[in-house]
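Beneath this line is the structure, given in structure tokens, with notes to follow.
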Amino acid sequence: MDGFFYKQNNRKQLNVLGGELEECRASLDNRTIVTGFYRDNCCNTGPDDFGLHTVCCIMTKSFLEYSSLVGNDLSTPIPEYNFKGLSEGDKWCLCASRWQEAFEAGKAPNVILKSTNIATLSVINLEDLKKYSVN
């Protein structure tokens, strides 16, 4: 499952519900946060996205603390990469395996299904995603 379909010569990716993948953008304080493996504000994927950055999540304090504890600090800014750091309420295209890991630890962030790539289903069960859906 690669998340792609072709329609009128446009290459579009699908969401986990089978519709067209929607953007995963915005934050509570309107900071500019660019997300997605391709930094296109969509959880698009492709053969070079080994981490499968396909789950559109809304960051929670609990998840950000958990992620930091397991070696992926998403809260601390990294100016040399133009990364401002994430805060509670920010949307972010998370790696499917990290979401699954957080889910198993009881720390998974909420998910926006219409913005979560169908390729995610190769790693995560749709019913588990639905339990954390905010749409």
Practice prompt. Kindly indicate, with the supporting measurements, whether the criterion disulfide bond (SG atoms under 2.5 Å apart) is fulfilled by Cys24 and Cys56.
Written response: CA-CA 6 Å; Cys24 180; Cys56 182; 2.1 Å; yes
Please report the closest heavy-atom contact between [X] and [Y], naming both atoms and the distance.
| X | Y | result |
| --- | --- | --- |
| Ile58 | Lys91 | CG1-CG, 4.1 Å |
| Thr60 | Glu88 | CA-CG, 4.0 Å |
| Val55 | Thr116 | CA-CG2, 3.8 Å |
| Glu127 | Asn125 | N-OD1, 2.6 Å |
| Asp128 | Trp99 | O-CH2, 3.8 Å |
| Tyr38 | Pro47 | OH-N, 4.5 Å |

Practice prompt. Indicate if Leu126 and Ile112 have the same hydrophobic cluster label, given that clusters are the connected sets of ILVMFWY residues with side-chain heavy-atom separations under 4.5 angstrom.
Written response: no
Fill in: Audit row: Lys114, Leu17, side chain to side chain contact (heavy atoms under 4.5 Å, CB included) steps and yes/no
CA-CA 7 Å; Lys114 291 180 180 180; Leu17 301 174; 4.1 Å; yes
Indicate every side-chain donor-acceptor pair of residues 70-79 with a distance under 3.5 Å to a residue at least two apart or in another chain.
unit_1, atom_1, unit_2, atom_2, d
Asp73, OD1, Ser75, N, 2.9
Asp73, OD1, Thr76, N, 3.2
Asp73, OD1, Thr76, OG1, 3.4
Asp73, OD2, Thr76, OG1, 2.5

Discussion item. Would the distance check show the side chain of Asn117 and the main-chain N or O of Cys43 forming a donor-acceptor pair, the cut-off being under 3.5 Å?
Written reply: yes
Worksheet item: Does the Ser122 side chain pair with the main chain of Ala119, one donor and one acceptor, at a distance under 3.5 Å?
Response: yes
Practice prompt. Please work out which of the three classes, parallel, tilted or perpendicular, describes the rings of Tyr66 and Phe63, given edges at 30° and 60°.
Written response: tilted
Practice prompt. Ignoring hydrogens and angles, state whether a donor on the side chain of Glu23 or Asn41 is under 3.5 Å from an acceptor on the partner side chain.
Written response: no
Practice prompt. Measure the spacing between OG1 of Thr35 and CZ of Phe83 and express it to the nearest 0.5 Å.
Written response: 8.5 Å
